[in-house]
Amino acid sequence: MKKIILLFIALFSLGMSAQKQDVKFINLKRTYDFQSEPNEYRLNTALKQKLENLGYIVYFDNEMPQEVRLDPCAEYVGELTRGKGSLSTELTFVLKDCKGNIVFNNSGKSRLKLHSKSYMDALQNIFKYSTIGRLKIN
């Protein structure tokens with residue numbers, strides 16, 4: 001079973017590195033569908049900081065840079081969704097290019113009870129073993 005998982009990760013990594021991407025901007029929402037207010041549990045700013053640490057220029061949907069206005073394909077659009085489950089918190093982060101193709105997709109799960117801690121833990125788990133750092137950045 002471990003060999004199958006390692007093979008899948010290796011193939012996924014090769015596929016991601018084989019794509020030549022010239023994107024350095026990521027557009028995030030201020031409020032996702034599962035949040036009742038902007039930046040609830042500080043999730044949006046934590047996601048922004050994680051992506052900035054990987055070298056991307058991240059902005060929220062109301063702060064579009066001039067370069068992205070001129071070329072809409074200069075950005076990825078980030079979508080964060082919450083999975084269904086009563087005993088755990090599961091978050092899925094997807095990056096899409098300007099044509100709607102998925103460039104990155106990963107999930108993180110947490111079994112912590114407090115929402116403020118479980119959302120942050122699930123977000124950390126999304127990036128723990130991900131290949132997003134291997135995407136080409138200008």
Side-chain angles (χ1 to χ4, degrees):
M1 184 67 176
K2 288 183 181 179
K3 290 180 182 180
I4 293 172
I5 292 172
L6 289 174
L7 179 64
F8 177 76
I9 291 172
L11 290 175
F12 184 74
S13 299
L14 286 175
M16 291 301 289
S17 61
Q19 295 178 357
K20 187 172 183 174
Q21 302 293 334
D22 295 331
V23 176
K24 61 182 176 180
F25 293 98
I26 295 181
N27 180 357
L28 298 177
K29 288 184 178 181
R30 281 231 179 257
T31 308
Y32 290 100
D33 294 337
F34 61 91
Q35 294 175 311
S36 58
E37 61 186 47
N39 200 25
E40 187 174 22
Y41 308 118
R42 297 181 329 197
L43 195 58
N44 305 58
T45 52
L47 178 59
K48 181 180 179 187
Q49 183 180 9
K50 277 280 189 199
L51 294 169
E52 285 175 343
N53 289 343
L54 293 171
Y56 290 97
I57 299 170
V58 184
Y59 66 94
F60 292 112
D61 47 8
N62 60 346
E63 308 165 345
M64 186 179 291
Q66 184 66 26
E67 189 174 333
V68 175
R69 285 188 189 131
L70 297 174
D71 181 16
C73 288
E75 73 170 353
Y76 289 137
V77 176
E79 297 176 3
L80 190 65
T81 56
R82 185 180 191 281
K84 296 181 180 175
S86 58
L87 298 176
S88 65
T89 301
E90 183 175 354
L91 295 176
T92 302
F93 182 64
V94 176
L95 279 178
K96 293 183 180 180
D97 63 9
C98 63
K99 297 176 184 173
N101 299 323
I102 295 176
V103 216
F104 176 79
N105 183 6
N106 207 4
S107 296
K109 202 172 198 178
S110 175
R111 294 194 177 267
L112 298 175
K113 296 192 190 279
L114 287 174
H115 283 301
S116 58
K117 291 184 180 184
S118 67
Y119 279 114
M120 286 301 190
D121 188 43
L123 185 65
Q124 294 291 331
N125 290 332
I126 288 173
F127 293 101
K128 200 170 205 175
Y129 302 109
S130 73
T131 58
I132 193 170
R134 296 187 188 116
L135 295 176
K136 185 179 188 255
I137 303 170
N138 279 342

Give me the atom names and distance for the closest heavy-atom approach of Ser118 to Ser110. O-CB, 3.3 Å

Just do the side-chain contact (heavy atoms from CB on, under 4.5 Å) check on Lys117 and Met120 with the steps written out, would you? CA-CA 5 Å; Lys117 291 184 180 184; Met120 286 301 190; 5.9 Å; no

Can Thr92 and Ser107 be counted as having a side-chain donor-acceptor contact under 3.5 angstrom? yes

Are any side-chain N or O atoms of Asn105 and backbone N or O atoms of Val94, one a donor and one an acceptor, separated by less than 3.5 Å? no

Cys98 to Pro72 - nearest heavy-atom pair and separation: CB-O, 3.8 Å

Could you tell me whether the side chains of Arg82 and Tyr119 share a donor-acceptor contact shorter than 3.5 Å? yes

Side chains of Leu80 and Leu43, heavy atoms from C-beta outward: is any pair under 4.5 Å? yes

Applying a strict under-4.5 Å side-chain criterion to I, L, V, M, F, W and Y, I'd like to know whether Phe104 and Tyr32 cluster together. yes

Can a salt bridge be assigned to the pair Arg30 and Glu37 using a cut-off of 4.0 Å between side-chain N and carboxylate O? no

If Ile, Leu, Val, Met, Phe, Trp and Tyr residues are connected whenever their side-chain heavy atoms lie under 4.5 Å apart, and connections chain through other members, are Phe34 and Phe60 in the same group? yes

Worked check of side-chain contact (heavy atoms from CB on, under 4.5 Å) between Val68 and Asn27: CA-CA 10 Å; Val68 175; Asn27 180 357; over 6 Å; no

Please name the pair of heavy atoms, one in Leu95 and one in Ile26, separated by the smallest distance, quoted to 0.1 Å. CD2-CG2, 3.9 Å

Go through Tyr59 and Leu28 one step at a time and tell me if the side-chain contact (heavy atoms from CB on, under 4.5 Å) criterion holds. CA-CA 6 Å; Tyr59 66 94; Leu28 298 177; over 6 Å; no

Show your reasoning for whether side-chain contact (heavy atoms from CB on, under 4.5 Å) applies to Tyr41 and Leu123. CA-CA 11 Å; Tyr41 308 118; Leu123 185 65; over 6 Å; no

Is it true that the side chains of Lys29 and Gln35 contain a donor and an acceptor less than 3.5 Å apart? no

Student check: side-chain heavy atoms of Phe127 and Leu47 closer than 4.5 Å: yes

Side-chain contact test, heavy atoms from C-beta onward, threshold under 4.5 Å: evaluate it for Phe93 versus Thr81 and give yes or no. no

Main-chain N/O of Lys109 paired to Asn125 side chain as donor or acceptor, under 3.5 Å: yes

Are Thr45 and Gln49 close enough that a side-chain donor and a side-chain acceptor fall under 3.5 Å? no

Between the CG atom in Asn106 and the CG atom in Leu91, the distance rounded to the nearest 0.5 Å is 11.5 Å

Are Val58 and Val77 connected in the hydrophobic side-chain network, where two residues link if heavy atoms are under 4.5 Å apart? no

Hey, does the side chain of Asp121 reach the backbone of Arg111 with a donor-acceptor pair shorter than 3.5 angstrom? no

Less than 4.5 Å apart, side chain to side chain, heavy atoms only: is that true for Lys24 and Glu75? no

Check the surroundings of atom CG in Asp33: do more than 12 heavy atoms from other residues, nucleotides or ligands lie under 6.0 Å from it? no

State the OH-CZ distance between Tyr56 and Phe25, to the nearest 0.5 angstrom. 12.5 Å

